[in-house]
Amino acid sequence: MAEEKVVKKVVAVKAEDKEEKAAKLADPVASSIDVATQEMIVRAQKLGIETIFDRAENMKPCNIGIQGICCKNCSMGPCRLPLPKGGIIGEDTRKGLCGATANTIAARNFIRMIAGGAAAHSDHGRCVAEVFNSAARKESDAYKIKDVHKLLAVAAHLGVATKVMLDGKEVDRNTDEIAVEVGEKALNEWGKPEGELLYLKRAPKPLYEKWQKTGVLPRNIDREIVEIMHRTHMGVDQDYKNLMKQGTRAALADGWGGSMLATDLQDILFGTPYPLQSEANLGVLKQDHVNIVIHGHEPVLSEMIVAVAQKSELIEYAKSKGAKGIQLSGICCTANEILQRHGVPLCGTFLQQELAIITGAVDAMVVDIQCIMQNIANVAKCFHTKLITTHPIARMEQPNVIHIEFDEHYALQDAEKIIRIAIDNFQNRSADVLIPRHKATQIAGFGVESIEYHLGGTFRGSYYTLNDNIINGRIRGIGGVVGCNNARSRHNEAHIAIVKELIKNDVIVLTTGCNGIACAMEGLLTPETAGVFCGPGLAEVCETVGIPPVLHLGSCVDNSRILLAATEVIRAGGLGKDLCDLPAAGSAPEWMSEKAISIGHYFVASGVYTIFGGTLPVSGAPVFKKYLFEDMEKIYGGMWDLEADPIKHAHKMIAHIDKKRKELGIDKARERVLMDMADRQKLEAV
Ligand code: SF4
Ligand code: MSK
């Protein structure tokens, strides 16, 4: 009966939207490796609700755009420059109306993606810095400085004094004063008129000097993004190498600027993550609870929702409406933020946002910024779910969407208002609730500090143990595997295959974003995983120390934690002097967002071999592609690569790691560790 009601709503919504029924339906099993996801796709199709999986069947990507060779930067275009059949023989004569070559067009498109990604991360960072400032000035009761230790550490990087002279003696400076100055200095990084970003000197010295010599030190965060938009305007920069130089500045302004500041200031305000236990997948929703799903990227409001949802008054209010309590869970990177600091369970990855609503159990979905599909408003119309947008820069046109604009000065009140809407909506559930049973346990909450705690030396207080195990070969190397889902490939398949192949080959994995969620759903974020999936060396280390072989470091902006962890490895000694010396590689198996391109490029420019899955919009400009895939290595030590096949993808990373081990002269150690029992017995017999 309840299902009929949903079907009626779906029919009404379709009539209202004049929406055509999707010509083809996605095959649930071919769409995802995850059983919960498959179950919800089946349910959606039974109810006649279209999801991204169906849309991907019916709309194929543009074959020119996918190669990066369509320019629409002026109204004489779009100019499309397809590769000739049989490839380019001799000179590449393709050009747009203005004469722009394929290399120029692909480079302009590529760095515009960097600008989009860097802007998204950095604007997120700016918002956090503004909230930080209002907390430091005590303009808001809701936010307080939680991690004073981190405040002092960050102060040092921003050149803020933590000691003052008093009566000829050096004494500790007042923490409130430090916080105000840290907030001001941080915010200044977005628009200061001269100088360079202060955090760049956190990088290993040879890397900083490389950036200085190449002329890519970012001046301030906003300027580098604006300059990309200028240079890629019709008739400005027409040299793909010079365009990429600006792309590099903007990407570095993201990784070592906006993202790193966002992570640091969030840690100071909300607490630095430490390992904790939680769960992941759609099965974390609870039929008998008010379910509030938080989705997006900025934790400033979600932190308040987490705090307010624990108030006994609101729990009692939920009970008065017939629920047993309030269940919070998250999607995308807001989820990762509140997981890392509070253990709030992960409801799903980017591709599961529509499916969460299709369970019929979500009383409110609260969204902020980034990775929010507009279609969730259409799906919410078919159920009782209240969809609440909260950010002034991210609204939706559909009339069923409620907008409660978040104001940090009234943060607790805004959070309570949202929770009450969800509670009031609990009794309005119109459909049968169908929550997949699948969920997995996870240990998350890792970061630079907790890795040091778990893998640091007892006496040396650094990454000594980690380095020692890399040098002796128990750990072959480090893989940073991050990034989105992409509806053009089977959900989570490449994420999981690559991570499993890496840990099987003794490569420890640092994860963030939707890869972190995928790994959590698959049960890879538990110490027990080590005994099942890891090679003997990595298994031994994980079992001894009690950590998972895949360490979840948080959200998209928290990729900056990977940069800093790698810097700590260099600092601990024995593995080279620069990030490009490390036996390490980066990967984004199922990327889709512009942020991934910015992240990829700041890793490349920081010296990391970085490989993407799926496609990259550079294949139509072979010279530019070669510049990214080969020539970059000579400039920065890192380079781009692409491999859609997950196993080949993992082995390209491993080959790079082995190349670096050889250069460091530690490849022999690895051979010793790889001896199996038969080899050992042979040795003993001699
Ligand atoms: Fe075509 Fe040049 Fe205009 Fe681009 S800028 S659309 S290549 S004319
Ligand atoms: S949420 S950017 S889909 S990782 Fe950060 Fe996931 Fe990619 Fe969004």
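Atoms within each ligand, like the ligands themselves, are counted from 1 in listed order.
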Requested in this report: May I ask you to say whether Arg126 pairs ionically with Glu189, meaning some side-chain N is under 4.0 Å from a carboxylate O?
Outcome: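 Judged by the 4.0 Å cut-off on N to carboxylate O distance, Arg126 and Glu189 do not form a salt bridge.
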Query raised in the report: Counting from 1, what ligand 2 atoms have a heavy atom of Gly483 closer than 4.0 Å?
Result: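 Going through ligand 2 atom by atom, the ones under 4.0 Å from Gly483 are 4 (S).
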Query - Those atoms of ligand 1 less than 4.0 Å from some heavy atom in Arg108 - result: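 Per the distance check, 4 (Fe), 5 (S).
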Query raised in the report: Got Pro28 and Met40 here, is their nearest side-chain heavy-atom distance under 4.5 Å?
Result: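 No, their side chains stay 4.5 Å or more apart.
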Please report, to 0.1 Å, the donor-acceptor pairs under 3.5 Å made by any side chain of residues 341-351, with sequence neighbours excluded.
{"from": "Arg341", "atom 1": "NE", "to": "Gly271", "atom 2": "O", "distance (Å)": "2.7"}
{"from": "Arg341", "atom 1": "NH1", "to": "Glu337", "atom 2": "OE1", "distance (Å)": "2.9"}
{"from": "Arg341", "atom 1": "NH2", "to": "Asp267", "atom 2": "OD1", "distance (Å)": "2.7"}
{"from": "His342", "atom 1": "NE2", "to": "Glu303", "atom 2": "OE1", "distance (Å)": "2.9"}
{"from": "His342", "atom 1": "NE2", "to": "Glu303", "atom 2": "OE2", "distance (Å)": "2.9"}
{"from": "Thr349", "atom 1": "OG1", "to": "Gln352", "atom 2": "OE1", "distance (Å)": "3.3"}
{"from": "Thr349", "atom 1": "OG1", "to": "Asn485", "atom 2": "OD1", "distance (Å)": "2.5"}
{"from": "Thr349", "atom 1": "OG1", "to": "His491", "atom 2": "NE2", "distance (Å)": "2.9"}

Query raised in the report: So what's near atom 3 (Fe) of ligand 1, protein N, O or S atoms under 2.8 Å?
Result: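 Within the sphere that stays under 2.8 Å of atom 3 (Fe) of ligand 1, the protein atoms of type N, O or S are Cys74 SG.
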**Report entry** Close approach of His233 to ligand 1, heavy atoms, under 4.0 angstrom
**Finding:**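 No, His233 has no heavy atom closer than 4.0 Å to ligand 1.
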Has the side chain of [X] got a donor or acceptor atom that lies under 3.5 Å from a matching backbone atom of [Y]?
X      : Y      : value
Glu522 : Ile496 : no
Glu594 : Ala119 : no
Glu354 : Ile52  : yes

**Report entry** Count of N, O or S atoms belonging to protein, less than 2.8 Å from atom 8 (Fe) of ligand 2
**Finding:**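 Atoms of protein N, O or S type lying less than 2.8 Å from atom 8 (Fe) of ligand 2 total 1.
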Query - Stepwise side-chain hydrogen bond (donor to acceptor under 3.5 Å, both in side chains) check, His552 with Thr511 - result: CA-CA 5 Å; His552 192 349; Thr511 176; 5.1 Å; no
Query raised in the report: Roughly how far apart are Leu642 CG and Lys625 NZ, rounded to 0.5 Å?
Result: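 Taking CG in Leu642 and NZ in Lys625, the distance rounds to 6.5 Å.
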Query - By ring pair (Phe, Tyr, Trp, His ring centres under 6.0 Å) - contacts of Phe132 (at least two apart) - result: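 So Phe132 forms no ring pair (Phe, Tyr, Trp, His ring centres under 6.0 Å) with any residue.
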**Report entry** Option from Arg108, Gln246, Arg231, His230 for which side chain to side chain donor-acceptor pair (under 3.5 Å) with Asp237 holds
**Finding:**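 Only one option passes, and that is Arg231.
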Query raised in the report: Would one find more than 12 heavy atoms of other residues, nucleotides or ligands at under 6.0 Å from atom NE2 of His233?
Result: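 Open.
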